Participant: 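Pasting in a structure now, in structure tokens, and then I'll have a few things to ask.
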Amino acid sequence: MALRKTIPQDELRDRLTPEQRQQHATDYHSSRGGWIRPKDKPVPGAQEKR
């Protein structure tokens with residue numbers, strides 16, 4: 001069996017759970033310089049981190 005030097009991103013993405021995919025999500029904003037992590041949206045009843 002031969003060893004692979006690379007793993008396709010599609011294969012890695014398929015292994016992630018939906019929660020992990022959401023955690024690592026990014027949005028593209030050309031005005032801000034490219035791929036940016038979205039800010040966490042506030043959840044009712046959750047306390048703010050300080």
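Just so you know, these numbers use all the heavy atoms, side chains as well, and skip hydrogens, waters and symmetry mates. Just so it is clear, the model here is predicted, and its values are computed rather than measured. Throughout, residue positions are numbered sequentially from 1 according to the sequence presented.
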Participant: Identify, with sequence neighbours excluded, every residue that meets side chain to side chain contact (heavy atoms under 4.5 Å, CB included) alongside Thr6.
Facilitator: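 None.
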Participant: Which atoms form the tightest heavy-atom contact between Ile7 and Arg4, and what is the distance?
Facilitator: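 The answer is CG1-NH2, 3.9 Å.
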Participant: Test: salt bridge (Lys or Arg N to Asp or Glu O under 4.0 Å). Region: residues 15-28. Which pairs qualify, not counting sequence neighbours?
Facilitator: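 For residues 15-28, and leaving out neighbouring residues, the salt bridge (Lys or Arg N to Asp or Glu O under 4.0 Å) pairs sorted by first residue read Glu11-Arg15.
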Participant: For the residue pair Ala25 and Pro38, what are the closest heavy atoms and their distance?
Facilitator: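 For Ala25 versus Pro38, the nearest heavy atoms are O-CD, 3.2 Å.
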Participant: Once side chain to side chain donor-acceptor pair (under 3.5 Å) is applied, do any residues pair with Asp10, and if so which ones, sequence neighbours excluded?
Facilitator: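 Here the qualifying residues are Arg13.
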